[in-house]
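For reference, the structure is listed below as structure tokens.
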Amino acid sequence: MAKNSFAETIRSGKPQIGAWMQIPHVIVAETLAQTNLDFLLVDGEHSPIPPNALLQILPATERYGMPVLYRVAWNRIELIKAALDHGANGIMVPMVNSGAEAIEAVSSAKYPPTGKRGSGAWRASNYYQNNAEYRKAADSSLAVVLQIETREALNNLDDIASTPGVDALFVGPADLALSLGMEPGELTPELVDACQAVANAAKKYGIASGIDVASIEYMIRLKVLGLSLFTYGSDPDFVLQGGRAVANDFHNAFLAK
């Protein structure tokens, strides 16, 4: 676990910028950990990175003090507790649509009596050498971030945001756009209104809000609404952009003459 509580940093509302890790390889993790980003969002939903892959990823990121938020594939206790037992600094849960689903996610991430996480944080507790200390701090220091991705979730924002133990609401803009009958990719007025509603609900209950953005310009516009937890770009993205920039520079310098 990071020395500073990742959950407290998120809840503070201080702007945070992270990037998605989707390539399941330790070299990618170790490289991204040296980028000066605030955190990495390791994707277990739409990338081939199951919780057990964290056994290779986390030692590489921890070497450089890089916090890892792991997105589980679904709101299931076995996925959530596996990620946390490996030592992730927090979990992101997709497609949370109701207060009941929010309670289920939080309960899976917290120890009794608050929740139902089983005692067995093998790696997170340094192979049980620091088990008591880990359990004492885990409920407050590990982040629980819930994704708002549907019209149903927007209709239940109060119930979701008021759930004790939630640290942030995070807009999934592509799925939310689809749910609202729009094509993903544009920051439409409808999507901006939805983001404002999420930010307002989060502020009302003293938690943070965030979103994945397609550009820095979008980030600046959305920060004004009250959002503070951002992701921008991914490892495949960075490889493509870097390679294309080199190719473009070469063609401009040598082939255009």
Side-chain angles (χ1 to χ4, degrees), residues 2 6 9-10 14-73 83 86-92 94 143 145 147 149 168 170-178 183-188 191 195 210-223 227-257:
F6 188 38
T9 302
I10 289 175
K14 178 184 177 182
Q16 300 286 301
I17 179 64
W20 293 85
M21 178 177 169
Q22 299 177 314
I23 301 172
H25 201 286
V26 63
I27 293 175
V28 175
E30 194 166 32
T31 305
L32 286 174
Q34 299 176 70
T35 56
N36 294 324
L37 291 162
D38 295 308
F39 66 97
L40 295 182
L41 212 169
V42 177
D43 188 12
E45 183 187 15
H46 293 302
S47 297
I49 309 180
N52 61 6
L54 293 171
L55 184 57
Q56 286 76 44
I57 291 169
L58 290 172
T61 56
E62 289 163 355
R63 178 182 178 186
Y64 298 97
M66 175 65 76
V68 166
L69 188 65
Y70 179 76
R71 180 165 72 170
V72 295
H86 275 76
N89 301 98
I91 50 109
M92 176 179 283
V145 179
Q147 284 201 268
E149 303 185 272
F170 193 85
V171 175
D175 282 313
L176 184 55
L178 289 173
E183 275 298 307
E186 293 296 323
L187 196 57
T188 62
L191 194 56
C195 290
I211 189 172
D212 179 58
V213 295
S215 72
I216 298 297
E217 178 193 354
Y218 285 1
M219 194 182 307
I220 294 169
R221 290 172 60 187
L222 292 165
K223 182 180 178 296
L227 284 79
S228 59
L229 184 68
F230 298 100
T231 54
Y232 173 62
S234 65
D235 38 7
D237 228 12
F238 300 148
V239 172
L240 286 167
Q241 288 182 33
R244 286 169 176 166
V246 170
N248 187 61
D249 290 346
F250 174 82
H251 292 145
N252 288 339
F254 291 97
L255 301 183
K257 295 180 179 179

Are [X] and [Y] close enough that some pair of their side-chain heavy atoms sits under 4.5 Å apart?
{"X": "Met66", "Y": "Leu37", "answer": "yes"}
{"X": "Ile17", "Y": "Met219", "answer": "yes"}
{"X": "Ile57", "Y": "Ile49", "answer": "yes"}

Those residues that, when tested against Glu149, pass salt bridge (charged side-chain N to carboxylate O under 4.0 Å, His left out) (two or more places apart):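 Partners of Glu149 under the salt bridge (charged side-chain N to carboxylate O under 4.0 Å, His left out) test: none.
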Residues forming a side chain to side chain contact (heavy atoms under 4.5 Å, CB included) with [X], sequence neighbours excluded:
{"X": "Asn36", "result": "none"}
{"X": "Pro236", "result": "Gln22, Ile23, Ser234"}
{"X": "Pro15", "result": "Lys223"}
{"X": "Asp212", "result": "Trp20, Phe170, Pro173, Thr231"}

Can you list every ring pair (Phe, Tyr, Trp, His ring centres under 6.0 Å) pair that touches [range], not counting sequence neighbours?
{"range": "residues 227-248", "result": "none"}
{"range": "residues 34-62", "result": "Phe6-Phe39"}
{"range": "residues 50-72", "result": "none"}

Specify the closest pair of heavy atoms between [X] and [Y], including all atoms of both residues, with the distance to one decimal.
{"X": "Leu191", "Y": "Leu187", "answer": "CD2-CD1, 4.2 Å"}
{"X": "Leu54", "Y": "Ala88", "answer": "CD1-CB, 4.5 Å"}
{"X": "Ala29", "Y": "Leu40", "answer": "O-CD1, 4.3 Å"}
{"X": "Ala73", "Y": "Gly44", "answer": "CB-O, 3.5 Å"}
{"X": "Gly90", "Y": "Leu69", "answer": "C-CD1, 3.4 Å"}
{"X": "His86", "Y": "Leu55", "answer": "CD2-N, 3.6 Å"}

Neighbour count above 12 (heavy atom, 6.0 Å) for Gln56 CD: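 Yes, CD of Gln56 has more than 12 neighbouring heavy atoms, counting only those of other groups under 6.0 Å.
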Which pairs count as salt bridge (charged side-chain N to carboxylate O under 4.0 Å, His left out) when at least one residue sits in [range], sequence neighbours excluded?
{"range": "residues 227-244", "answer": "none"}
{"range": "residues 39-55", "answer": "Asp43-Arg71, Glu45-Arg71"}
{"range": "residues 23-33", "answer": "Glu30-Arg63"}

Give, for atom [atom1] of [X] and atom [atom2] of [Y], the distance between the pair rounded to the nearest 0.5 Å.
{"X": "Leu229", "Y": "Lys14", "atom1": "CG", "atom2": "NZ", "value": "13.0 Å"}
{"X": "Leu227", "Y": "Cys195", "atom1": "CG", "atom2": "SG", "value": "6.0 Å"}
{"X": "Gln16", "Y": "Thr9", "atom1": "CD", "atom2": "OG1", "value": "6.0 Å"}

Go through Thr61 and Met21 one step at a time and tell me if the side-chain contact (heavy atoms from CB on, under 4.5 Å) criterion holds. CA-CA 11 Å; Thr61 56; Met21 178 177 169; 5.8 Å; no
Has Asp38 got a side-chain atom pairing as donor or acceptor with Gly18's backbone, closer than 3.5 angstrom?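 Checked: no pair found.
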side-chain hydrogen bond (donor to acceptor under 3.5 Å, both in side chains) partners of Arg221, counting only residues at least two apart: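 Partners of Arg221 by the side-chain hydrogen bond (donor to acceptor under 3.5 Å, both in side chains) criterion come out as none, since no residue qualifies.
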